[in-house]
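Reviewing the structure listed below.
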6 protein chains.
Amino acid sequence: MRPSKRQPDEMRAISFERGVSKHAEGSCMVKFGDTHVLCTASLEERVPGWLRNSGKGWVTAEYGMLPRSTGDRMRREASSGKQGGRTLEIQRLIGRSLRSVVDLQALGEMQITVDCDVIQADGGTRTAAITGGFVALHDCLTWMHARQMINIERVLKDHVAAISCGIYDGNPVLDLDYAEDSAAETDANFVMTGKGGIVEIQGTAEGEAFSEDQFGQLMGLAKQGIKRLVELQKMAVA
Amino acid sequence: MRPSKRQPDEMRAISFERGVSKHAEGSCMVKFGDTHVLCTASLEERVPGWLRNSGKGWVTAEYGMLPRSTGDRMRREASSGKQGGRTLEIQRLIGRSLRSVVDLQALGEMQITVDCDVIQADGGTRTAAITGGFVALHDCLTWMHARQMINIERVLKDHVAAISCGIYDGNPVLDLDYAEDSAAETDANFVMTGKGGIVEIQGTAEGEAFSEDQFGQLMGLAKQGIKRLVELQKMAVA
Amino acid sequence: MRPSKRQPDEMRAISFERGVSKHAEGSCMVKFGDTHVLCTASLEERVPGWLRNSGKGWVTAEYGMLPRSTGDRMRREASSGKQGGRTLEIQRLIGRSLRSVVDLQALGEMQITVDCDVIQADGGTRTAAITGGFVALHDCLTWMHARQMINIERVLKDHVAAISCGIYDGNPVLDLDYAEDSAAETDANFVMTGKGGIVEIQGTAEGEAFSEDQFGQLMGLAKQGIKRLVELQKMAVA
Amino acid sequence: MRPSKRQPDEMRAISFERGVSKHAEGSCMVKFGDTHVLCTASLEERVPGWLRNSGKGWVTAEYGMLPRSTGDRMRREASSGKQGGRTLEIQRLIGRSLRSVVDLQALGEMQITVDCDVIQADGGTRTAAITGGFVALHDCLTWMHARQMINIERVLKDHVAAISCGIYDGNPVLDLDYAEDSAAETDANFVMTGKGGIVEIQGTAEGEAFSEDQFGQLMGLAKQGIKRLVELQKMAVA
Amino acid sequence: MRPSKRQPDEMRAISFERGVSKHAEGSCMVKFGDTHVLCTASLEERVPGWLRNSGKGWVTAEYGMLPRSTGDRMRREASSGKQGGRTLEIQRLIGRSLRSVVDLQALGEMQITVDCDVIQADGGTRTAAITGGFVALHDCLTWMHARQMINIERVLKDHVAAISCGIYDGNPVLDLDYAEDSAAETDANFVMTGKGGIVEIQGTAEGEAFSEDQFGQLMGLAKQGIKRLVELQKMAVA
Amino acid sequence: MRPSKRQPDEMRAISFERGVSKHAEGSCMVKFGDTHVLCTASLEERVPGWLRNSGKGWVTAEYGMLPRSTGDRMRREASSGKQGGRTLEIQRLIGRSLRSVVDLQALGEMQITVDCDVIQADGGTRTAAITGGFVALHDCLTWMHARQMINIERVLKDHVAAISCGIYDGNPVLDLDYAEDSAAETDANFVMTGKGGIVEIQGTAEGEAFSEDQFGQLMGLAKQGIKRLVELQKMAVA
């Protein structure tokens with residue numbers, strides 16, 4: 001039995017609230033149950049130095065947690081003077097995931113930065129950030145399309161979404177909340193496209209090593225979950 | 001005529017939404033028009049080193065802006081490796097303001113950190129942070145009172161709230177939004193208690209120096225505005 | 001009775017020693033009693049990036065304290081790796097104050113940096129820095145005028161000086177020294193021009209809130225003090 | 001055809017040179033072809049703060065690259081003032097991997113730090129570091145066993161090794177060198193124990209997403225490669 | 001001919017002004033011509049961690065330059081976020097030099113920090129800092145002796161002073177000023193005790209290598225100069 | 001008797017292994033007994049800003065120690081966020097020493113960075129780094145000569161090598177190892193050219209001051225040692 005009484009293959013309530021920022025070209029407050037992440041997509045005309053005069057654009061991401069988004073207050077990274085390894089790891093993952101569905105050549109020499117700030121955390125913040133970040137990115141590209149800066153059909157090749165799975169109390173379960181995440185034997189994050197292609201897999205044994213079989217079960221759950229997330233994204237941006 | 005069509009002594013729509021954080025002992029999303037600040041009050045059992053074994057507690061504040069809370073995306077302070085002078089200045093002001101209505105002796109050796117994170121900015125973020133931070137602090141103390149950790153009557157001596165005023169296009173106006181703030185000749189922030197005592201005054205001439213008379217007019221507006229803010233705080237926490 | 005036996009409206013002995021630096025275009029050792037601040041004004045031909053090709057110049061300030069300028073040795077900011085919030089707050093104040101009397105357009109695309117380094121501290125370092133920084137700035141502009149780089153009449157619009165006031169032992173007093181500053185109930189800093197215009201006001205209740213009346217008394221003292229400081233500046237640069 | 005003419009399932013020449021450091025309790029220069037990583041295991045008697053008085057020990061890792069270990073000289077991280085995201089990500093992975101085969105309770109309150117410094121890089125530095133780091137850790141534990149500080153049989157539960165796989169020019173290949181790594185469509189790292197349990201999986205699509213089938217092929221190659229690495233480790237430490 | 005018209009073995013005008021700081025236990029403004037260094041010696045009761053409970057004390061030094069102590073304004077180290085290599089090198093040298101004449105056992109578990117801040121620079125700041133730092137240290141020890149905290153006879157074993165020499169325009173000269181320093185072929189700093197013992201020698205060829213003979217000439221000049229500096233120190237502290 | 005049983009004027013076994021890096025234009029693993037330093041010389045086409053368009057090139061050095069190159073593990077400088085004073089001091093010394101034998105005009109506008117990373121430390125790492133760094137630099141210049149980028153005869157004016165000497169147990173000895181270094185009364189480093197010119201001298205009294213006579217004995221040993229080192233360099237690069 002899961003702490004939340006959910007079925008093994010049952011995700012939390014998922015919602016996307018678009019247009020939450022007055023300023024950003026695209027924005028989305030994504031909720032996976034009690035995990036709430038504010039995603040904004042900001043258009044900038046300058047690209048990183050190594051892309052200058054290449055004709056190609058860039059999509060990057062930054063991630064942060066508000067100090068009291070968590071059960072115990074965390075030290076503010078701005079105050080400690082650096083972003084921790086976990087933060088850097090997550091924002092690199094979000095950036096790679098979003099780029100996997102963007103044609104950077106078709107985007108042209110512009111940069112979109114997707115900021116994912118965790119307002120409230122209850123497990124799965126990185127998967128929520130990718131899934132909601134896609135919506136913010138989509139809306140930023142729509143904004144650009146409306147201004148004839150790009151052709152969104154050519155720039156955005158597919159959907160992308162992410163979900164976590166894990167082995168909790170011996171059973172494979174989908175979309176771990178914090179209570180499960182901190183007790184899970186194995187924890188895996190999957191990022192997939194709307195067409196079902198795999199973009200990222202990260203699996204970690206917290207205690208004992210896991211078997212190929214168990215990993216296969218997790219992937220099965222993830223495929224099912226991401227299929228549903230993409231449907232929800234489509235409904236949200238329709 | 002103000003850009004927002006408001007009367008000179010008219011504040012923006014003010015609202016306090018309490019209990020917005022699942023984790024924090026006290027929390028409040030405060031809105032001054034399009035300026036939205038998430039305030040959380042976090043209780044910690046350890047105090048700063050210089051207060052250890054003094055029997056006295058501490059209230060402190062931290063302030064941050066989400067990168068795209070502003071019209072142009074700002075660099076994330078966690079990524080640039082330090083908090084800027086403006087950030088440090090504001091969070092010191094919030095902390096002093098909140099401490100002015102707390103009896104630190106009656107609080108006892110505990111620390112409350114009030115985090116004020118700007119979700120969306122449209123001028124007046126520091127005054128919104130103080131005004132909403134008070135509500136979060138109040139609710140944290142209520143939480144402690146309910147657990148018989150303190151007697152809130154003895155700890156919380158008064159209300160405290162803040163408002164900006166300025167001279168815009170030659171006229172004194174109350175509660176500047178961003179359009180006014182960036183064009184104002186003079187900009188002043190006032191922090192006052194529920195009983196009308198002054199806690200902080202900060203007045204700055206942006207271009208020409210201002211006169212004592214003009215300053216008196218700003219203070220008149222501020223007194224009126226803060227009186228109204230305290231009424232709204234009282235309704236919110238009733 | 002004040003610890004220094006001064007009358008409530010009596011400032012400490014004030015002196016300006018000009019030309020104390022062999023290298024700087026303008027320099028001044030300013031003393032407010034035992035508070036000694038070395039101010040140098042340095043001319044640089046490059047302006048900050050956001051002013052390039054604007055035809056406008058810039059005046060900025062930096063502030064520092066020698067480690068043993070204070071009663072107890074403070075940690076050197078260069079060694080701790082960053083400037084503290086108080087330092088940043090003060091140097092922003094000095095810069096704004098000096099810019100309030102400079103016509104940046106008439107200065108032309110050049111930058112003057114006024115460094116204010118506290119050699120010995122006994123309260124009121126920021127007000128001494130502004131008041132002495134003006135003299136260093138004046139002498140730098142005189143140096144430029146002599147070389148026909150600018151017309152000082154057009155660049156320097158007025159004098160600017162600063163003084164602190166406070167409520168000590170229930171009485172409003174002018175120009176607090178350290179003994180008073182650390183015990184004052186209320187502490188305020190005023191920056192005004194030679195013509196009596198107000199440039200900056202910063203008032204802070206250290207313990208109890210203060211009333212509008214009390215603040216009026218402080219402003220009265222400040223006006224009187226700054227009038228005297230400007231007379232002394234005029235004698236110094238005559 | 002692979003640039004190195006290797007068969008798809010052929011690893012590079014692997015070697016372990018033990019005892020290369022005069023000072024470290026355990027050390028190993030591991031070579032995967034032209035990738036050379038110096039691994040040292042250092043015993044320290046103090047554990048991180050959160051383990052003090054827990055009776056449990058800790059194994060952690062740090063990773064670095066010499067500036068000219070790579071084709072183009074990289075900036076020295078000590079000089080740039082911080083470790084990059086990639087470095088932090090890799091050293092966290094090495095630490096988790098090594099801890100997966102250590103019984104921290106049986107280790108007792110001591111810490112072992114495994115430093116993995118890349119002397120020469122040609123792809124696969126993180127997998128070489130884990131595989132060679134295990135040998136250094138093993139020798140450190142042997143050193144402790146010989147001094148009757150621990151019982152190595154109880155502390156070290158299994159072997160652990162790692163290998164990369166990828167899809168290069170459309171074909172799944174084992175143990176990518178730099179030429180392959182920089183051109184691969186998909187890149188995956190696997191960490192497994194001697195008994196075949198999976199400890200970590202990280203798969204990334206560099207360009208196009210990959211399919212579940214392709215991922216299965218990579219895992220098949222990895223299992224085969226890690227089996228061989230564990231045999232080589234056993235021969236090395238025999 | 002030297003730019004200053006001095007004889008090859010002629011030092012600049014040297015002066016020591018003691019007691020220049022109201023707060024420091026010992027202080028001295030030392031001048032070597034236009035090079036002015038403010039030296040303060042601060043007594044602290046805590047020693048570095050590695051000396052705790054050893055019964056031994058510590059003498060350390062810090063060095064800094066005011067931003068406009070030099071011909072061109074230098075960036076403030078507090079603002080750039082770190083002390084440069086030259087600064088660290090010099091303050092380590094000052095510390096070692098002063099410790100060479102102190103019996104740390106006889107000092108007892110206390111720390112004296114000698115801050116040497118360059119108010120105006122014209123070459124030879126490190127040698128002035130050592131020579132004047134000795135006077136500040138002496139006066140701090142006298143202060144302690146007067147309070148029966150130490151016996152200065154036992155703590156302070158000798159005098160210590162420093163001077164630079166160099167080969168300028170082919171000739172060995174004593175006490176280089178900035179004009180000579182920046183053009184010298186060889187530059188050497190000598191630190192010696194009152195009894196003539198050598199504490200530190202640092203010789204550097206700026207362009208061509210120098211010969212043992214030339215070095216001997218520099219040492220001859222240095223011995224003569226330091227002998228005179230020690231006489232001046234003795235007169236100053238008499 | 002020296003701990004290593006060496007004669008007073010006997011150096012440790014010295015060896016140079018060239019071409020140890022697959023990537024660097026020049027490289028050398030230098031060993032002075034158990035002190036092992038990996039030196040790589042990297043050619044870059046851009047020079048520091050202050051040399052741009054000057055027609056002159058630059059040779060610089062960086063120095064680092066692997067964390068467990070020493071008896072006790074040291075904290076990694078990349079992780080502590082800055083290079084210590086000793087590191088900066090040493091890398092400045094290496095750079096100056098190597099530049100003393102290079103004609104920067106003849107090199108042309110290119111930069112060579114010599115990285116000296118201590119793989120294992122047993123005293124004398126800086127002298128080994130200079131001596132081996134010369135070999136790496138030589139091979140980098142040979143590489144450039146072979147590609148007709150420079151004429152090595154004109155660029156490389158001489159050999160340069162370095163050795164330490166000290167007074168151990170009352171006797172002057174050559175090439176201190178760690179056991180001697182940590183107990184020596186006086187420690188001196190000499191850098192000289194193949195023609196016998198002196199480039200750098202650094203002598204430090206660790207406890208008692210030393211006499212001119214003693215210093216002369218150390219210099220005598222150094223001349224003899226460096227003569228031998230230059231012979232060995234010549235054999236190595238022949």
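So you know, we letter chains A, B, ... as the sequences are listed, proteins then strands, and number each from 1.
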Problem set entry | Min side-chain heavy-atom separation Gln83(B)-Lys82(C) under 4.5 Å | no
- Message: If you count every heavy atom of other residues, nucleotides or ligands that lies below 6.0 Å from Lys157(B) atom NZ, does the total exceed 12?
- Response: yes
The interface call for Lys223(C) against chain B, heavy-atom contacts under 4.5 Å, is side chain
Bottom line for Arg99(C): the part with an atom under 4.5 Å from chain B's heavy atoms is neither
Item to check | Test side chain to side chain contact (heavy atoms under 4.5 Å, CB included) applied to Glu212(B) and Met192(C), step by step | outcome: CA-CA 11 Å; Glu212(B) 198 175 342; Met192(C) 297 188 194; over 6 Å; no
On a heavy-atom basis, the closest approach of Ile198(C) and Ala205(B) is O-CB, 3.8 Å
Glu208(B) CD: over 12 foreign heavy atoms closer than 6.0 Å: no
With chain B, the option among Lys195(C), Arg86(C), Gln214(C) that has the most non-hydrogen atom pairs under 4.5 Å is Arg86(C)
Residues Arg96(C), Glu206(B); criterion salt bridge (Lys or Arg N to Asp or Glu O under 4.0 Å); working and verdict: CA-CA 8 Å; Arg96(C) 281 198 311 272; Glu206(B) 296 297 335; over 6 Å; no
Interatomic distance, CZ@Phe210(C) vs OG1@Thr193(B), rounded to 0.5 Å, equals 10.5 Å
The reported gap from CG in Leu88(B) to OG1 in Thr87(C) (rounded to nearest 0.5 angstrom) is 10.5 Å
Pair count under 4.5 Å, heavy atoms only, with chain C: among Ala209(B), Gly203(B), Ser211(B), Gly84(B), highest is Gly203(B)
Notebook entry, point to check: Could you go step by step and tell me if Glu200(C) and Gln202(B) meet the side chain to side chain contact (heavy atoms under 4.5 Å, CB included) rule?
Noted result: CA-CA 7 Å; Glu200(C) 285 272 345; Gln202(B) 294 183 337; over 6 Å; no
